[in-house]
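Everything on this sheet refers to the single structure shown next.
Predicted model only: the values in this text are computed from it and were never measured. Proteins come first, then strands; the chains are lettered A, B, ... in the order of their sequence lines, and each starts at number 1.
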2 protein chains.
Amino acid sequence: MAAPAEKHDVFKAIADPTRREVLRLLSENERPISEITSHFSMSRTAVTKHLQILAEAELISGRKEGREKIYQLHPEPLNEVKQWLSYYEKFWSNKLSILKNLVEEDGDS
Amino acid sequence: MAAPAEKHDVFKAIADPTRREVLRLLSENERPISEITSHFSMSRTAVTKHLQILAEAELISGRKEGREKIYQLHPEPLNEVKQWLSYYEKFWSNKLSILKNLVEEDGDS
DNA sequence: TAAACGCGAAACCAAATGGTTATATATTTT
DNA sequence: AAAATATATAACCATTTGGTTTCGCGTTTA
């Protein structure tokens with residue numbers, strides 16, 4: 001079953017600095033929306049929209065807990081970016097990249 | 001002298017699939033604009049705009065040669081993405097990532 | 001039970017994005 | 001010199017993006 005035409009791909013998701021900061025925050029801890037919002041100078045509604053985009057890219061997920069919605073990180077989709085990048089690494093590679101590429105052959109599946 | 005607030009960062013530059021395809025094309029060969037355009041179903045003007053965004057991110061550069069403008073790839077700025085990604089790799093890492101991270105310690109500078 | 005909290009959803013807005021067509025200019029080519 | 005080629009630039013357009021404010025609703029807490 002191939003990917004069903006994802007609405008927001010991971011490349012677009014990480015293109016925004018606010019969203020990258022959200023990812024960093026969630027890499028430390030899972031957090032409710034209000035807590036995430038407190039780290040930015042924008043409204044909770046705006047932050048929620050960023051969270052939705054990240055969730056559509058499956059980089060985060062949220063669970064409802066009481067009146068809070070707690071989001072956590074799922075970094076796996078970043079692997080697509082990593083794979084894409086690996087193609088270009090050979091172009092600016094230093095001497096170690098041959099070994100690194102060999103190591104990465106294992107990667108997925 | 002720090003980076004002078006780049007107008008288009010590399011994350012935004014690679015967010016668009018057309019621009020990623022341009023990078024792939026230029027990874028094979030340097031090419032004039034018309035040649036690049038022939039690979040897409042959009043106007044030369046539209047392609048030129050993508051080229052400008054990639055050039056602002058310093059991922060490509062163009063030189064004028066006769067009446068043609070020939071673009072070539074400069075993949076080095078992708079290193080910023082790689083660095084960013086490396087922080088998250090530890091979260092989904094398989095057993096090999098420890099070795100890989102050690103290897104990459106050398107990386108830049 | 002009333003007030004405060006956390007969130008969702010809708011309506012709205014300005015600016016950026018990704019595209020178009022038209023026109024002009026410099027360089028070959030015939 | 002005239003025609004064709006390759007590009008640049010400007011004006012325009014629709015949609016997306018990133019933000020806002022407002023209102024309503026379930027969940028705690030006083």
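Using a 4.0 Å cutoff on non-hydrogen atoms, the parts of residues 30-37 of chain A near DNA chain C are A:Pro32, A:Ile33, A:Ser34, ordered by number.
Protein atom NZ of B:Lys69 is 19 Å distant from nucleotide atom C1' of C:dT28, rounded to whole Å. One atom, CG of A:Leu51, and another, P of C:dG6, lie 16 Å apart when rounded to the nearest Å. Between the CZ atom of B:Arg63 and the P atom of D:dA6 there is a distance of 16 Å, given to the nearest Å. Note: CD (B:Gln52) to C1' (D:dT9) measures 10 Å, nearest angstrom. Separating the NZ atom of A:Lys12 from the C1' atom of D:dT16 is a distance of 9 Å, rounded to the nearest angstrom. C:dA16 atom P lies 15 Å from atom CZ of B:Arg19, rounded to whole Å.
The salt bridge (Lys or Arg N to Asp or Glu O under 4.0 Å) test applied to B:Glu30 returns B:Arg63, not counting sequence neighbours. For A:Ser61, the side chain to side chain donor-acceptor pair (under 3.5 Å) partners at least two apart in sequence or on another chain are A:His74. Every residue meeting the side-chain contact (heavy atoms from CB on, under 4.5 Å) condition with A:Pro77, not counting sequence neighbours, appears here in chain and number order: A:Val10, A:Glu58, A:Leu59. In this structure A:Ser43 satisfies the side chain to side chain donor-acceptor pair (under 3.5 Å) test with no other residue, sequence neighbours excluded. For the ring pair (Phe, Tyr, Trp, His ring centres under 6.0 Å) test, residues two or more places apart in sequence or in another chain that qualify with B:Phe11 are B:Trp84. For A:Arg24, the side chain to side chain donor-acceptor pair (under 3.5 Å) partners at least two apart in sequence or on another chain are A:Glu21, A:Glu28.
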Any N/O pairs under 3.5 Å between the protein and nucleotides 19-26 of chain C? List them or say none.
residue, atom, partner, partner atom, Å
C:dG19, OP2, B:His50, NE2, 2.3
C:dG19, N7, B:Lys49, NZ, 3.1
C:dG19, O6, B:Lys49, NZ, 2.2
C:dT20, OP1, B:Ser43, N, 3.4
C:dT20, OP2, B:Ser43, N, 2.9
C:dT20, OP2, B:Ser43, OG, 2.6
C:dT21, O4, B:Thr45, OG1, 3.4

Show me, pair by pair, the donor-acceptor contacts under 3.5 angstrom made by side chains of residues 33-40 of chain A, not counting sequence neighbours?
residue, atom, partner, partner atom, Å
A:Glu35, OE1, A:Arg31, NE, 3.1
A:Glu35, OE1, A:His39, NE2, 3.3
A:Glu35, OE2, A:Arg31, NE, 3.4
A:Thr37, OG1, A:Ile33, O, 2.9
A:Ser38, OG, A:Glu35, O, 2.6

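Mapping B:Ile70 and A:Gly66 onto DNA chain D via the closest heavy atom, the residue that lands nearer the 5' end is B:Ile70.
No side-chain heavy atom of A:Lys69 sits less than 4.5 Å from a side-chain heavy atom of A:Thr48.
Below 30°, between 30° and 60°, or above 60°: for A:Phe91 and A:Tyr87 the angle between ring planes is above 60°, a perpendicular geometry.
Listed nucleotides D:dG18, D:dT7, C:dG18 differ in distance to B:Glu68; the shortest reach to its side chain belongs to D:dT7.
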